[in-house]
Number of protein chains: 2
Amino acid sequence: MGNKTQELKNILDTNNYKLTSQRDLILQILADNEGEHLSAEEIYNIVKQRDSGIGLATVYRTLELFGELGIVQQLNFDDNCRRYELEENNNEHHHHLICIDCGAVIEFNDQILEEFETDLEKKYDFLVTEHSIKFYGYCENC
Amino acid sequence: MGNKTQELKNILDTNNYKLTSQRDLILQILADNEGEHLSAEEIYNIVKQRDSGIGLATVYRTLELFGELGIVQQLNFDDNCRRYELEENNNEHHHHLICIDCGAVIEFNDQILEEFETDLEKKYDFLVTEHSIKFYGYCENC
DNA sequence: AAATAGAACGAAAATGATTATCACTACCTA
DNA sequence: TAGGTAGTGATAATCATTTTCGTTCTATTT
Ligand SMILES: [Mn+2]
Ligand SMILES: [Mn+2]
Ligand SMILES: [Zn+2]
Ligand SMILES: [Zn+2]
């Protein structure tokens with residue numbers, strides 16, 4: 001059992017879910033495509049190449065579950081579908097610059113925003129658990 | 001012709017669109033509900049009280065048009081529908097804290113983020129035209 | 001190893017917000 | 001007044017996502 005697989009099994013066990021070949025495969029695909037921001041449909045198409053019997057509903061269900069377990073992050077680039085990427089295991093968030101011309105996605109990390117977030121929490125007596133930060137515009141090629 | 005209506009007419013004229021009773025009414029509803037973040041359906045229900053003949057498609061079309069003309073801002077609070085609010089005429093953006101328990105939405109302005117954005121633009125040679133910034137968590141009551 | 005209970009799955013139908021279509025109306029201009 | 005066109009309302013279409021339901025797999029107990 002591979003390293004990634006064992007880690008997945010641990011998380012699933014802890015939360016009373018079972019390790020299945022479909023879940024394992026979907027995780028591998030996500031890992032193999034680090035840096036991409038794939039939609040469920042795109043993941044489905046890749047997964048099908050290795051397991052032609054898999055169902056689209058299972059892909060959706062698995063991504064939903066992975067989201068709840070903190071394994072993946074769900075993204076919304078306003079292109080009419082949800083996108084997914086592996087959550088990084090260290091707690092170094094990153095966010096996205098999205099080119100509205102060519103669709104390129106650039107990642108940046110958000111150390112600087114930490115302070116801003118803390119200030120907001122105090123000011124509004126609000127406990128931030130998550131944030132979504134996106135900048136839209138034109139990349140260097142466009 | 002009211003003040004708001006005249007202003008709307010000016011914008012529409014400039015862009016070769018016509019002032020219609022439906023467009024006027026939808027703008028009024030948005031203005032009457034400043035601070036809310038209404039969905040198309042919610043706007044439709046309010047609008048219907050004053051013009052029972054209006055169609056839902058017209059509400060969608062008008063909101064789309066208003067978005068293009070910079071009259072409204074389109075928001076996505078990840079609750080499965082687009083939401084709308086009037087763009088402020090001064091150029092003071094604001095963003096949102098969204099309570100994942102009770103749904104409360106708190107607004108904050110983003111002076112501090114200006115600098116951050118400028119840094120990003122330089123660092124990645126990227127021209128930012130728009131940004132979406134949301135914090136999710138628990139409000140003071142939850 | 002067989003039996004069993006419950007979790008997970010695949011196919012297909014359902015959902016629901018949004019968009020497209022199309023016939024009709026309102027408005028403008030000649 | 002007639003003709004051209006933008007805008008509208010009803011309705012159908014779209015399409016990502018969710019739900020349903022009968023079947024299959026997994027883990028556990030005999
Ligand atoms: Mn990313
Ligand atoms: Mn707001
Ligand atoms: Zn680009
Ligand atoms: Zn709350």
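Chain identifiers are assigned alphabetically (A, B, ...) following the order of the sequence lines, protein sequences preceding nucleic acid strands; residue numbering begins at 1 within each chain.
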Within the supplied structure, the quantity of interest is the number of heavy atoms (other residues, nucleotides, ligands) at a distance under 6.0 Å from A:Glu107 CD; does it exceed 12? yes

Any salt bridge between B:Asp32 and B:Lys4, counting N to O under 4.0 Å? no

4.5 Å side-chain heavy-atom contact, B:Ile98 and B:Asp78: no

Protein-proximity profile, nucleotides 9-28 of chain D, B/S/- by nucleotide at the 4.0 Å heavy-atom cutoff, equals BB-----SBBBB--------

Along DNA chain C, 5' to 3', what are the outermost nucleotides having an atom less than 4.0 Å from a heavy atom of chain B? C:dA17 to C:dT21

Student check: side-chain heavy atoms of A:Lys134 and B:Glu130 closer than 4.5 Å: no

Which pairs with one or both residues in residues 24-58 of chain B pass ring-ring contact (aromatic ring centres under 6.0 Å, His included), sequence neighbours excluded? B:His37-B:Phe77, B:His37-B:His96

Would you call the rings of A:His131 and B:Phe135 parallel, tilted or perpendicular if under 30° counts as parallel and over 60° as perpendicular? perpendicular

Between D:dA6 atom C1' and B:Asp13 atom CG, what is the distance in whole Å? 13 Å

To the nearest Å, how far apart are B:Asp24 CG and D:dT8 P? 12 Å

Do A:Asp110 and A:His95 have a side chain donor and acceptor closer than 3.5 Å? yes

Does one side chain, of B:Gln6 or B:Asn10, offer a donor that lies under 3.5 Å from an acceptor on the other? yes

